[in-house]
Amino acid sequence: MSARTPLAGALVAEGISFVGTRVSMIAIPWFVLSTTGSATQTGLVAAAEITPLVIFKALGGPLLDRVGPRRVTLVCDLLSAFVVAAIPLLHGLGMLGFPTLLVLVAVAGALRGPGDAGKGAMSPEIARVAGYSLERVSGLAAAVERTSSMGGAALAGLLVAGVGAANALYVDAASFLVSFVVFAIATTGLGRPVPREGDVTPTSYVHELRQGWDFLRTEPVLVAICAMVAVTNLVDQAYSAVLAPVWAKESGAGVAVLGTLFAVMSGASVLGALTAARWGETLPRYRTYVVAFLICGAPRFVVMALESPLWAVFAVTFVAGVASGFLNPILGAVILERIPPPLLGRVSSLNTAICWSLMPLGGVLGGLAVAGLGLSPALLVAGAAYFVTTMAPTRVPSFRRMDRAPEGDPEPVSSGGPTTF
């Protein structure tokens, strides 16, 4: 097996999974909105998925280190396929009530948490094997994510319009199965449990969780990133789960335009991600991070709130997408290079969980804002929150340390390309 096979396989598996995930991200809100007409219930479904996702991502860190991230990822992907497929199956049988939908979505979210964390925890090992830097691997992963999200969003619009929102979820279920097979074959021999030192006595699961937290809270750069991204993720969740679907419905644009809009955002971000993968190592992280967040944040909300023509909405979305493509490569490199290998599973899981911790409120707050204020004021409030949050780096000194790698990094391992850890 080639040294780059695990990287190629992981990227393909991620791409397939993201296609299915993007389909469900559009199909489920549209299904709830179309059948209930309630923005509040639409937000509740989003919260039902994200809440257990965050919880199990946070609690699953020691499991990744004990069992191995590869095994956890494979089990979660396989089970997710059956859970997601149950939604359209029960709907077709007339047995899918709203409480049942909430339960199934919650279980799917609970499985995605440790499954996604497992993939992320394997990134440094896959990068070492391939001989690539973390910036390059993160940039390639971001490009694949954005490309597959673009295709998935466009596909979602066609599927929902053609076969219905519920039946479109079969595509998501199938994507989990294909991703399971590809990832299992490509990563054979990797992602093993973290070996214990001979003189280290066994510790409890709770103690290992505490070790991850104790390390995370002493890293000011990671703490600052967690705080900022948690808020922006909340606003993004309100946008994708409620505000954008309601805008598409009330403006008469429809689900096909909504899918195309998300596809444009993802497609444009591919350009940014590929640029970051190629030249990200030479860019100043702090300045790039701040500028990219400012461009990809508030303008999207404002252009919708002002009831701008579709061409303007798409133009702003395209520019925002290009800027957003620079974020994940920078974040991935900054975060992963600061975590010691023995703590990688639990710290990276906690870090992601904190970043996602406010997302369950995004759908709920988005639904309540639309119901209480109306769509345009809700969009303006969300845009203002995004702007204030993305200006935080100019006031928080910790962010400026993003440009410097932590002291005492291990010697880089190379088999043809540069590495940063």
Side-chain angles (χ1 to χ4, degrees), residues 1-21 56-57 60-82 111-145 147-149 172-195 273 277 328-329 332-333 335-337 339-349 351-352 410 412-417 419-421:
M1 183 173 67
S2 168
R4 294 177 182 176
T5 296
L7 174 60
L11 292 176
V12 171
E14 281 280 82
I16 295 170
S17 179
F18 277 122
V19 168
T21 300
F56 281 85
K57 187 184 287 286
L63 181 66
L64 299 179
D65 293 330
R66 288 184 173 194
V67 178
R70 178 178 180 271
R71 187 178 300 173
V72 172
T73 294
L74 292 177
V75 170
C76 289
D77 279 357
L78 185 60
L79 293 178
S80 294
F82 294 101
L111 291 170
R112 271 190 61 198
D116 290 350
K119 294 184 180 75
M122 289 184 64
S123 293
E125 183 179 9
I126 289 174
R128 285 197 299 271
V129 171
Y132 285 166
S133 67
L134 279 175
E135 282 93 347
R136 178 166 295 184
V137 170
S138 297
L140 290 172
V144 168
E145 175 188 353
T147 303
S148 55
S149 295
D172 189 19
S175 73
F176 278 113
L177 285 178
V178 177
S179 177
F180 166 83
V181 173
V182 173
F183 197 80
I185 295 174
T187 60
T188 301
L190 303 182
R192 299 183 183 278
V194 176
N328 283 351
I335 292 170
L336 293 176
E337 73 184 7
I339 303 176
L343 298 176
L344 186 60
R346 67 201 83 168
V347 177
S348 62
S349 295
N351 178 86
T352 307
V413 179
S414 177
S415 59
T419 60
T420 59
F421 60 100

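Predicted, not measured: the structure shown is a model, and the values here were computed from it.
- Rounding to the nearest 0.5 Å places OG of Ser123 at 9.0 Å from CG of Leu7.
- For Leu190 against Ile126, the heavy-atom pair with the smallest separation is CD1-CG1, 4.3 Å.
- The OG1 atom of Thr73 sits 7.0 Å away from the CG atom of Leu64 when rounded to the nearest 0.5 Å.
- Nearest approach of Gly15 to Ser148, heavy atoms of both residues: O-CB, 3.1 Å.
- The two atoms that bring Gly118 and Pro69 nearest to each other are O-CB, 3.4 Å, heavy atoms only.
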Dump the intermediate steps for side chain to side chain contact (heavy atoms under 4.5 Å, CB included) on Lys119 and Asp77, then the final yes or no.
CA-CA 11 Å; Lys119 294 184 180 75; Asp77 279 357; 3.3 Å; yes
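- Here Phe180 contributes atom CZ and Ile16 contributes atom CD1; the two are 13.5 Å apart, rounded to the nearest 0.5 Å.
- Counting all heavy atoms, side chain and backbone alike, Thr187 lies closest to Phe183 at OG1-O, 2.6 Å.
- For the side chain to side chain contact (heavy atoms under 4.5 Å, CB included) test, residues two or more places apart in sequence or in another chain that qualify with Ala184 are Arg70, Leu74.
- Within the 3.5 Å criterion, the main-chain N or O of Glu14 finds no donor-acceptor partner in the side chain of Ser17.
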I would like to know whether Leu111 and Ser80 meet side chain to side chain contact (heavy atoms under 4.5 Å, CB included); could you show each step before the answer?
CA-CA 6 Å; Leu111 291 170; Ser80 294; 3.4 Å; yes
